[in-house]
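Down below is the structure, laid out as structure tokens.
Here the structure is a predicted model, which means the values were calculated and not measured.
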Amino acid sequence: MLHFEGLRKKIIKNYFTIIIITVALFEGLFIFYIQNYYYDYVRQSLKGQVDYTNAVYNTVTQEGSSFEMKVKNIIDKENVGAKSKYAIQIIDKNKNIILDSYGFKVKEKADFEDVERALNDTKDLTPHTYRMASTKEHVMSISVPLKTNNIIEGVVRYTVSLDKIDTTIFKLTLGLILAGICILLIAISLSLRFAETLIQPLRELKQFANELAHGNYSIKLKNTNISDDEIGDLAQTFEHMAAEIDKSEKLKEEFISSISHELRTPLTSIKGWSETLAYEGITQDELDLGLGIIQGETERLIKLVTELLDFSRLSSDRIKLQIDMVDIKNLVVSVVNQLKVKSAEKNISLSCEFEDEAIENVQGDKNRLRQVLINLVQNAIKFTSEGGYVKLVASQGEEFTTIKVIDDGCGIETENLDKVLDKFFQEDYNKAGSGLGLAISHEIVKLHGGNMILQSQKDIGTTITITIKNKLIESI
């Protein structure tokens, strides 16, 4: 059952309106052309009679002929010749009809426009179209003055019935109207079909959206009903959106699982050692070991909470930079010195070098840049095996300053390179971490007008390149 509501109603209404206007204009112009064509044919025929009458009966050679002789010749020739389609009337100068094509005298006045023009010897004689008062017959007539010695003594009037022509025009008009109705019916069926081709995929998109609203992100569209056009592009966008939401949901679930583990492990250690330290017989060595573990796990919790807070601020655009002049050389060296002990624990070489002798200070937030470098170096150390190396390389151009963090660690799988900077993503969820560090660092770098690029090969190493602008707009 068809329902003519909504989009279907709009499409049919608009198509129907356009088709009606188009058909009406076309048929109107065609009928106008046909009518003019037939009427013009009759009009030209009558004008031919004017030329014939003037050439035969009003020439110099006929000037000696009397009016009665001319009238007799006209009636005789018209009755005998092939001009029988014309009704002929002979009218005197007082507009009295004195003779017709049947030879009868008619006692009535010929008070017509064309007769008036002929008696006035108008040079431009044109046919006159009208309906006869007595019979309602539609006719076209033209009158020609008959002259004797250049004096108008009467008029010969040629009349043609237009009823047969009108009947022909009516039949053609009726045929055109019926054709127009057929065209409109075809247009309606086509518009219904066209409306259905639009509505069906939109209906599927609606169902698809409802499934998404109910949390079914694995649903797929029926591609058989989706065409390769803008609606198809919209459908692909919906599917891509669903896939991204599904991926995001899975990442969140994995994040919750990971963060729960990250919170539980240090809290369990702190709880266990705090209970152990409460025993009376504990030795000094055990006390020092327990306090050290509690301190380390506390710092780990603080770092995790800090990352979560930073993530929350970034998500709501609440991170603001404290712009100052930053000494890049000093910053890089201080980060290396700060993490020397951590790298030494795994027998990893941590160093820095500067490709340019003179690196000028840049505008930026020193603490946030330090946070980025510490996070990148700590990640490099975490994923680098014993005996490996981590190196920071800094350089400066006219507009940007570049810092590279290079390691020979385990590297990243090629298919994961585009995901590493996503929030919550971790290539190895067995490793400690929230999956937020790189995402937060990337956002901080972007706030400094720069970008972060990862290059990595599995089991060979990783290079993370960050670029920051040397000068930031003061309003940042």
Side-chain angles (χ1 to χ4, degrees), residues 258-259 261-270 273 285 288-311 326-354 365-394 403-412 420-421 425-442 444-445 452 454 456 459-466:
S258 175
I259 208 69
H261 174 74
E262 290 295 311
L263 288 172
R264 186 183 297 110
T265 301
L267 288 175
T268 302
S269 296
I270 291 172
W273 276 102
D285 291 339
D288 294 340
L289 176 61
L291 290 174
I293 291 174
I294 290 174
Q295 182 180 358
E297 295 300 325
T298 303
E299 290 176 355
R300 182 175 164 186
L301 283 174
I302 291 172
K303 180 177 181 294
L304 182 60
V305 172
T306 301
E307 285 185 348
L308 291 173
L309 289 174
D310 283 342
F311 167 68
V326 181
D327 185 338
I328 293 296
K329 277 190 172 183
N330 183 58
L331 178 63
V332 171
V333 171
S334 64
V335 169
V336 169
N337 290 334
Q338 180 179 341
L339 298 175
K340 276 274 189 185
V341 175
K342 189 175 184 65
S343 64
E345 291 175 356
K346 291 183 66 176
N347 192 26
I348 293 173
S349 171
L350 178 59
S351 63
C352 63
E353 65 179 58
F354 303 95
D365 187 326
K366 181 179 179 180
N367 292 328
R368 289 297 180 184
L369 291 176
R370 177 184 292 275
Q371 177 184 348
V372 170
L373 291 180
I374 289 175
N375 185 52
L376 296 182
V377 174
Q378 283 181 337
N379 274 353
I381 293 172
K382 181 168 69 173
F383 292 103
T384 300
S385 303
E386 291 189 10
Y389 70 87
V390 176
K391 181 169 62 175
L392 280 74
V393 179
I403 303 174
K404 295 181 180 179
V405 179
I406 307 169
D407 66 64
D408 62 348
C410 61
I412 303 169
V420 172
L421 297 180
F425 179 80
Q426 286 181 274
E427 189 174 38
D428 184 359
Y429 283 93
N430 294 319
K431 296 276 188 179
S434 63
L436 291 172
L438 284 178
I440 293 171
S441 298
H442 189 207
I444 292 173
V445 169
M452 181 184 293
L454 275 78
S456 183
D459 299 325
I460 294 178
T462 302
T463 299
I464 300 179
T465 304
I466 63 171

Quick check for you: to the nearest 0.5 Å, what is the distance between Thr463 atom OG1 and Ile406 atom CD1? 4.5 Å

Partners meeting side chain to side chain contact (heavy atoms under 4.5 Å, CB included) with Thr268 (sequence neighbours left out): Arg264

Lys404 side, atom NZ; Glu353 side, atom CD - distance, nearest 0.5 Å: 10.0 Å

What pairs with Asp459 under side chain to side chain donor-acceptor pair (under 3.5 Å), at least two apart in sequence or on another chain? none

Partner residues of Asp365 under the side chain to side chain contact (heavy atoms under 4.5 Å, CB included) criterion, sequence neighbours left out: Leu321, Gln322, Asn367, Arg368, His448

Taking atom CD of Gln378 and atom CG of Leu373, what is their separation to the nearest 0.5 Å? 11.0 Å

Contact summary for Gly411 and Thr462, nearest pair of heavy atoms: CA-OG1, 3.5 Å

Looking only at heavy atoms, what is the nearest atom pair of Leu350 and Lys340, with distance? O-NZ, 2.9 Å

More than 12 heavy atoms from other groups under 6.0 Å of NZ on Lys391: no

Tell me, please, which residues at least two apart from Ser334 pass side chain to side chain donor-acceptor pair (under 3.5 Å). Arg370

Leu289: which residues meet the side chain to side chain contact (heavy atoms under 4.5 Å, CB included) condition with it, sequence neighbours left out? Trp273, Ile293

If I compare all heavy atoms of Met452 with all of Ile464, which pair ends up nearest, and what's the gap? CG-CG2, 3.7 Å

Would a 4.5 Å heavy-atom cut-off, applied to side chains only, mark Leu369 and Ile466 as touching? no

Starting at CG of Asn379, measure out to CD1 of Ile374 and round the result to the nearest 0.5 Å. 12.0 Å

Val377 versus Val390, closest heavy-atom pair with distance: CG1-CG1, 4.4 Å

Would you give the length of the straight line joining atom OG of Ser385 to atom CG of Asp407, rounded to the nearest 0.5 angstrom? 10.0 Å

Over all heavy atoms of both residues, which pair between Cys352 and Val336 is shortest? Give the atoms and the distance, please. CB-CG2, 3.9 Å

Indicate yes or no for a side-chain donor-acceptor contact from Asp408 to the backbone of Tyr389 under 3.5 Å, with no hydrogens or angles considered. yes

With sequence neighbours excluded, residues passing side chain to side chain donor-acceptor pair (under 3.5 Å) with Thr384: none

If you apply the rule side-chain contact (heavy atoms from CB on, under 4.5 Å), what do you find for Val341 with Glu345, and how did you get there? CA-CA 6 Å; Val341 175; Glu345 291 175 356; 4.2 Å; yes

On a heavy-atom basis, the closest approach of Phe354 and Val333 is CZ-CG2, 4.0 Å

Less than 4.5 Å apart, side chain to side chain, heavy atoms only: is that true for Ile403 and Val372? no

Using the side chain to side chain donor-acceptor pair (under 3.5 Å) criterion, which residues pair with Ser343? Sequence neighbours excluded. none

